[in-house]
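Labels below follow one simple rule: chain letters A, B, ... track the order of the sequence lines, proteins then strands, and each chain is numbered from 1. Note that the coordinates shown come from a computational prediction; the quantities given were computed from them, not determined experimentally.
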Protein chains: 2
Amino acid sequence: MDIIEVFSKNVKKYRNEMGLSQEAFAEKSGLHRTYISALECKKRSIALDNVQKIADTLEIEPYLLFKE
Amino acid sequence: MDIIEVFSKNVKKYRNEMGLSQEAFAEKSGLHRTYISALECKKRSIALDNVQKIADTLEIEPYLLFKE
């Protein structure tokens, strides 16, 4: 799997573990709902500062989002 | 440390372990030398597709670039 696939899959997994919808997650992270949706569909590359926002929202260490 | 600090430090560490100058690393990765220099100086955010190129060049799993 490439990095974007692994990352997308992990965001979705941790988001579901927190019981957050894409919309609730978007609101909590300060990112737009369509951006969350696009990244979970592997439709766009993400910049590292947004990876930080996502990890903070999920309350996990960023590297976990890149582990297969 | 934030994600960009951790990432920058790790790129530099693994690049030095391979004995590559910034210039040689840039050539091997297909990224521009000024881009490598800027990322090691934490001057810019990096998109995930370039993180993939960097990890491939360093012959490591991408998540290692995010571990403190």
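For the pair B:Leu48 and A:Phe66, the minimum side-chain heavy-atom distance is below 4.5 Å.
B:Val6 and B:Val11 are not part of a single hydrophobic cluster, where members link through side-chain heavy atoms under 4.5 Å apart.
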Go through chain B and chain A and list any donor-acceptor pairs closer than 3.5 Å, backbone and side chains both.
{"residue": "B:Ile3", "atom": "N", "partner": "A:Gln52", "partner atom": "OE1", "Å": "2.7"}
{"residue": "B:Ser45", "atom": "OG", "partner": "A:Leu48", "partner atom": "N", "Å": "3.1"}
{"residue": "B:Ser45", "atom": "OG", "partner": "A:Asp49", "partner atom": "N", "Å": "3.2"}
{"residue": "B:Ser45", "atom": "OG", "partner": "A:Asp49", "partner atom": "OD1", "Å": "3.2"}
{"residue": "B:Ile46", "atom": "O", "partner": "A:Leu48", "partner atom": "N", "Å": "2.9"}
{"residue": "B:Leu48", "atom": "N", "partner": "A:Ser45", "partner atom": "OG", "Å": "3.1"}
{"residue": "B:Leu48", "atom": "N", "partner": "A:Ile46", "partner atom": "O", "Å": "3.0"}
{"residue": "B:Asp49", "atom": "N", "partner": "A:Ser45", "partner atom": "OG", "Å": "3.2"}
{"residue": "B:Asp49", "atom": "OD1", "partner": "A:Ser45", "partner atom": "OG", "Å": "3.2"}
{"residue": "B:Gln52", "atom": "OE1", "partner": "A:Ile3", "partner atom": "N", "Å": "2.7"}

